[in-house]
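In what follows, a structure is listed as structure tokens, so that the remarks can point back to it.
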Amino acid sequence: MSLSRLASAPPNDAVGKVRLQVTRKRLLAEGVCGLELTSPECARLPDWTPGSHIDLSLGNGLTRQYSLCGDRWDPYTYQVAVLREFESRGGSAYIHDELTEGDLVDIAGPRNNFPLAPADGYLFVAGGIGITPLLPMLEQADLLGTPWRLLYGGRRRSSMAFLDRLAAWGDRVEVCPQDESGLLDLAAVTAQPPGTKVYCCGPGPLLDAARSTAAGLPAGHLRTERFVAGVVPPPVRSTAFDVELARSGVTVTVPPGASVLDALAGAGVPVLASCRQGVCGTCETDVLAGVPDHRDSLLDEEERRRGDCFYPCVSRAASDRLVIDA
Ligand code: FES
């Protein structure tokens, strides 16, 4: 794990697998269903922090990541909200159409790739279902007495989940349905006093727009979380490279076209993985030497420059050799 993640991730974030039961399923908004998950044995669930997600293993063999959006002080219930994806690859459609109350699902995590760092103030920017990781952050900021504001965009009011929960915060929340007020005005991303951090989650175009708006601002000013992998350029190198495993001294050659993850597995060195798209963070691995070719959707520019960790499900090497902590 990179130093920044060690420093920012609270120590009680647990990574484990448990079997939970769907105890409540309901429609939260047009195309958005909410699930409540509890232990069939009424056991306490691992603690989590704002920004955490869980991996949900579905009965159709798929695994999907969903942000926890319920009450983090309730140790017996996890809540997630699932948008029915227009071009679902089977995950959201299964949850909407097949999963029912009483079903058992395996979950892994919680894991936090999007932790809330201390700041003098926050601007939260949500697009659609991107509201889910931000909801517990608003509550955390409130608890800490830190000023915040939320810009929440969506296609139309009826498709925007949690408006009732957000209403309690009055004019700190700006609800901007696209069919009423157009696209979110991201000028606010740069118009913040020093010490304010911006947290943004939503569809790729919103995150790209927020990133380009924030270009040139100090590192760490804007944090984003993607639910699906962003577009990445071709790999830096088109030739094979070596990955040396520092603990065993074994070297594995990664040919073009194979992922580091698959090459390691082929050599009998499995690395824990889930999304295989550079989105969930499960396969995060420390890099001890060499230059990674980062192809994930998790690290920010500063973390990429530091080059001390990478995600072998998608990332590769820019140098002839990488030495990793495995
Ligand atoms: Fe999800 Fe690598 S398996 S980031």
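Whatever order the structure lists them in is the order used to number ligands and atoms, beginning at 1.
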Point to revise | Within 6.0 angstrom of Arg155 CZ, more than 12 heavy atoms from elsewhere | key: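 At most 12 heavy atoms, drawn from other residues, nucleotides or ligands, come within 6.0 Å of this atom.
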
Review point. Side chain, backbone, both or neither: which part of Val279 has a heavy atom under 4.0 Å from ligand 1?
Key: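 Backbone only.
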
Review point. Can you tell which part of Cys280 has a heavy atom less than 4.0 Å from ligand 1: side chain, backbone, both or neither?
Key: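 Under 4.0 Å from ligand 1, Cys280 contributes backbone and side-chain atoms.
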
**Study point:** Protein contact of atom 4 (S) of ligand 1 - nearest heavy atom, named by residue and atom, plus distance
**Key:**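 The closest one turns out to be Gly281 N, 3.2 Å.
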
Check your understanding: With the threshold set at 4.0 Å, does a side-chain nitrogen-carboxylate oxygen contact exist between Arg237 and Asp293?
Key ->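 Judged by the 4.0 Å cut-off on N to carboxylate O distance, Arg237 and Asp293 do not form a salt bridge.
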
Point to revise | Glu139 with Arg165: basic N within carboxylate O range, under 4.0 Å | key: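 Between Arg165 and Glu139 there is a salt bridge, with a charged N closer than 4.0 Å to a carboxylate O.
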
List ligand 1 atoms under 4.0 Å from [X], heavy atoms only on the residue side.
X: Arg276; value: 1 (Fe), 3 (S)
X: Gly278; value: 4 (S)
X: Ser274; value: 3 (S)
X: Cys313; value: 2 (Fe), 3 (S), 4 (S)

Review point. Taking the six-membered ring for Trp, are Tyr152 and Phe124 ring centroids under 6.0 Å apart?
Key: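 Ring-ring flag for Tyr152/Phe124: false, centres at least 6.0 Å apart.
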
Review point. Taking both backbone and side chain into account, is any N, O or S atom of Cys283 nearer than 2.8 Å to atom 1 (Fe) of ligand 1?
Key: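 Checking atom 1 (Fe) of ligand 1 against Cys283, no N, O or S atom falls under 2.8 Å.
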
Exercise for review: State which residue, out of Arg211, Lys197, Arg223, Arg306, fulfils the salt bridge (charged side-chain N to carboxylate O under 4.0 Å, His left out) condition with Asp300.
Suggested key: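 In the set Arg211, Lys197, Arg223, Arg306, the residue that makes a salt bridge (charged side-chain N to carboxylate O under 4.0 Å, His left out) with Asp300 is Arg223.
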
Check your understanding: Can you tell me if Arg72 and Gln140 form a side-chain donor-acceptor pair at under 3.5 Å?
Key ->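 Yes, side-chain donor-acceptor contact under 3.5 Å.
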
